[in-house]
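All chains are named by letter (A, B, ...) in the order of the sequence lines, taking the proteins before the strands, and each is independently numbered beginning at 1. Treat the numbers as computed from the prediction; the structure is a model and nothing was measured. In what follows, every heavy atom counts, from backbone to side chain, and hydrogens, waters and symmetry copies are set aside.
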There are 2 protein chains.
Amino acid sequence: MFTIGQRNRLQYIILGLLGQQDQTGYDLTKAFEHEIGEFWQASHSQIYPQLQRLETAGDITHQDQITGEKLTKKVYQLTAQGQKKLAAWVSEPSPELTATKDEFILKLYFIKSANDPRLGPMLREQTQLHAEQLAHLQERQREVFPNQAAIDAAFGHYLILEHAIERESHYVEWLQRYQTLSNNH
Amino acid sequence: MFTIGQRNRLQYIILGLLGQQDQTGYDLTKAFEHEIGEFWQASHSQIYPQLQRLETAGDITHQDQITGEKLTKKVYQLTAQGQKKLAAWVSEPSPELTATKDEFILKLYFIKSANDPRLGPMLREQTQLHAEQLAHLQERQREVFPNQAAIDAAFGHYLILEHAIERESHYVEWLQRYQTLSNNH
DNA sequence: GCGACCATGTAACATGTTACATGATTTT
DNA sequence: AAAATCATGTAACATGTTACATGGTCGC
């Protein structure tokens with residue numbers, strides 16, 4: 001029912017990011033940390049080899065660019081083939097459900113009784129965590145989408161940020177609903 | 001911010017399942033397919049080696065049980081050490097956010113305009129998918145928790161099923177909110 | 001000159017998926 | 001007798017994380 005699949009999504013994300021603007025592996029690494037870090041993660045040790053493979057496959061090319069005296073950066077850009085590949089991926093169906101591997105949810109599964117003394121502290125800890133994440137996402141929304149023009153220019157990003165905010169908001173609400181249980185810690 | 005970490009959660013889930021009742025690797029495999037498939041997945045090729053490692057570590061033991069003429073099953077059970085390890089894991093904080101790697105969300109990120117003709121079909125496809133999942137979860141809830149006694153006996157499971165239902169319910173609602181966009185397919 | 005950051009890689013290891021492999025039991 | 005299911009494993013491969021490794025640039 002849930003298939004993650006070995007589908008190498010990373011390559012498409014890189015293509016998508018390069019579709020927005022030419023950039024280096026370092027820039028892409030930063031983008032994964034800040035720009036889309038809420039939705040996908042990848043470290044530079046995955047990104048650099050993947051860039052090499054994409055170039056070999058003919059989906060991207062690069063120009064060397066010198067900074068200062070001799071620091072050589074590789075600025076990557078999509079080829080026509082890469083653009084086609086990206087568009088094909090986006091248009092393709094996504095018929096698979098996502099497996100959310102949430103450790104807290106898993107631990108809850110093994111809590112048998114509403115009177116278990118561990119329940120209260122666990123719920124409080126998660127409320128704290130998700131309330132912080134909610135605040136972070138709301139801050140991001142204010143930052144990235146200060147006006148309608150920003151929304152119109154990156155509508156998909158706006159949608160998924162809104163979705164993430166609502167999801168966290170619901171998560172916190174659900175946690176708080178049972179917060180009063182076992183307040184004895 | 002999001003750390004998945006190489007924490008080998010599988011071992012704890014196996015301990016948790018064995019804590020509920022002694023069973024074979026085959027039974028555990030089935031449990032991952034049906035019982036907790038909504039929350040975690042693992043295939044038999046992960047489970048059997050992990051059982052061997054847990055036994056070597058002294059967290060579980062097994063008795064051979066003969067079925068029919070000569071089919072030998074290994075029925076695993078927790079040791080006192082395994083029980084301790086399980087309890088320690090549940091009590092431990094879970095301070096890390098879960099990275100939800102949802103391919104559809106990722107694709108949306110690269111949709112720049114509300115007028116993109118791909119948007120409507122994508123939203124409809126996902127609505128279908130998540131509405132089905134929602135129905136499946138609701139069916140599970142009716143099946144597993146037909147009365148208050150069932151809830152009292154597996155309270156954590158009840159909580160996470162409720163959470164998953166509400167999450168899917170919100171997901172569908174959010175998708176439908178933008179469903180009217182680009183109805184030209 | 002020093003520290004923070006820019007910039008690019010590889011190595012080792014852990015985890016997860018798909019395929020390969022075998023044989024017994026039960027149901028139709 | 002055949003098909004479905006029970007039952008247990010290994011192998012090959014893909015993905016993802018942490019650590020190792022190196023050197024340049026920029027601001028103070």
Side-chain angles (χ1 to χ4, degrees), chain A residues 1-14 22-34 37 39-57 60 62-76 96 98-101 103 106, chain B residues 1-14 22-34 37 39-56 60 62-76 96-101 103 106:
Chain A
M1 168 159 274
F2 298 83
T3 315
I4 294 291
Q6 307 299 77
R7 302 260 311 284
N8 194 357
R9 287 159 168 85
L10 177 60
Q11 65 177 323
Y12 298 114
I13 310 172
I14 290 177
D22 296 352
Q23 51 195 316
T24 66
Y26 188 84
D27 296 331
L28 290 168
T29 303
K30 291 289 145 193
F32 275 99
E33 280 167 26
H34 305 116
F39 309 106
W40 206 273
Q41 297 80 45
S43 61
H44 78 277
S45 64
Q46 271 184 286
I47 291 166
Y48 287 113
Q50 185 64 62
L51 283 168
Q52 290 166 16
R53 285 192 293 272
L54 282 169
E55 187 160 39
T56 304
I60 61 177
H62 81 270
Q63 265 93 51
D64 284 333
Q65 187 182 301
I66 310 280
T67 305
E69 287 293 294
K70 47 179 161 170
L71 207 184
T72 309
K73 303 200 277 190
K74 295 184 179 177
V75 182
Y76 287 95
E96 283 148 16
T98 306
T100 30
K101 301 203 154 182
E103 189 169 20
L106 210 54
Chain B
M1 169 160 274
F2 299 83
T3 315
I4 295 289
Q6 307 298 78
R7 304 256 312 282
N8 193 358
R9 286 158 168 84
L10 178 60
Q11 64 178 324
Y12 299 113
I13 309 170
I14 290 176
D22 296 353
Q23 51 194 315
T24 66
Y26 188 83
D27 296 331
L28 289 169
T29 303
K30 291 291 146 190
F32 276 100
E33 279 167 27
H34 306 114
F39 308 106
W40 206 273
Q41 296 79 46
S43 62
H44 78 278
S45 64
Q46 271 184 287
I47 292 166
Y48 287 113
Q50 185 63 65
L51 283 168
Q52 289 166 17
R53 284 193 292 272
L54 282 169
E55 187 159 38
T56 304
I60 61 177
H62 80 270
Q63 265 92 52
D64 284 332
Q65 185 182 303
I66 310 280
T67 305
E69 286 294 294
K70 47 178 160 173
L71 209 183
T72 308
K73 302 201 277 190
K74 295 184 180 177
V75 182
Y76 287 95
E96 283 148 15
L97 287 164
T98 305
T100 29
K101 301 205 154 182
E103 188 168 21
L106 210 54

Check residues 66-75 of chain B and write down every donor-acceptor pair under 3.5 Å in which the side-chain atom is one partner and the other belongs to a residue at least two apart or another chain.
unit_1  : atom_1 : unit_2  : atom_2 : d
B/Thr72 : OG1    : B/Lys70 : O      : 3.3

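- A/Ala42 is linked by a side chain to side chain contact (heavy atoms under 4.5 Å, CB included) to A/Leu10, A/Phe32, A/Gln46, A/Ile47, counting only residues two or more places apart in sequence or in another chain.
- Considering only residues two or more places apart in sequence or on other chains, A/Ser43 meets the side chain to side chain donor-acceptor pair (under 3.5 Å) condition with A/Ser45.
- In this structure A/Thr24 satisfies the side chain to side chain donor-acceptor pair (under 3.5 Å) test together with A/Asp27, sequence neighbours excluded.
- Between the CZ atom of B/Phe32 and the P atom of C/dT15 there is a distance of 14 Å, rounded to whole Å.
- Scanning both residues, A/Pro49 and A/His44, for their nearest heavy atoms gives CD-O, 4.1 Å.
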Checklist line | Contact pattern, 5' to 3', of nucleotides 22-28 of chain C - B, S or - by protein heavy atom under 4.0 Å | finding: --SS---
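- In this structure, the side chain to side chain contact (heavy atoms under 4.5 Å, CB included) partners of B/Glu55, at least two apart in sequence or on a different chain, are B/Ile60, B/Thr61, B/His62, B/Tyr76.
- The separation between A/Gln65 atom CD and C/dC6 atom P is 15 Å, rounded to whole Å.
- Residues passing the side chain to side chain donor-acceptor pair (under 3.5 Å) test with B/Glu33 are B/Lys30, sequence neighbours excluded.
- The nearest whole Å value for the distance from the CZ atom in B/Arg9 to the C1' atom in C/dT15 is 11 Å.
- One atom, CD of A/Gln23, and another, C1' of C/dT8, lie 15 Å apart when rounded to the nearest Å.
- Here the closest non-hydrogen pair linking A/Thr98 and B/Lys101 is CG2-O, 3.4 Å.
- The distance from atom CG of B/Asn8 to atom P of D/dG16 is 18 Å, rounded to the nearest whole Å.
- Each of A/Ile66 and A/Ala42 has a nearest nucleotide on DNA chain D; the 5'-most of these lies closest to A/Ala42.
- OP1 and OP2 of C/dT8 both lie 4.0 Å or more from every side-chain N or O belonging to A/Thr72.
- The listed nucleotides are D/dC6, C/dG16, C/dC5; the one nearest the side chain of B/Tyr26 is D/dC6.
- For the pair B/Arg7 CZ and C/dG16 P, the interatomic distance rounds to 12 Å; values are reported in whole Å.
- Applying a 4.0 Å cut-off to non-hydrogen atoms, the residues of residues 44-52 of chain A that approach DNA chain C are A/His44, A/Ser45, A/Tyr48, A/Gln52, listed by residue number.
- If you measure from atom CG of A/Asp64 to atom C1' of D/dG24, you get 15 Å, rounded to the nearest angstrom.
- In this structure, B/Gln41 places its CD atom 10 Å from P of C/dG16, rounding to the nearest Å.
- With sequence neighbours excluded, the residues that form a ring pair (Phe, Tyr, Trp, His ring centres under 6.0 Å) with B/Tyr12 are B/Trp89.
- Each end of the helix from C/dG1-D/dC28 to C/dT28-D/dA1 gets its own axis, taken as the rotation carrying the C1' atoms of four end pairs onto the next four within a five-pair window, and the two axes meet at 30° to the nearest 10 degrees.
- At a threshold of 4.5 Å between non-hydrogen side-chain atoms, the residues A/Glu103 and B/Arg9 count as touching.
- Closest non-hydrogen pair, A/Tyr48 versus A/Tyr26, comes out as OH-N, 3.4 Å.
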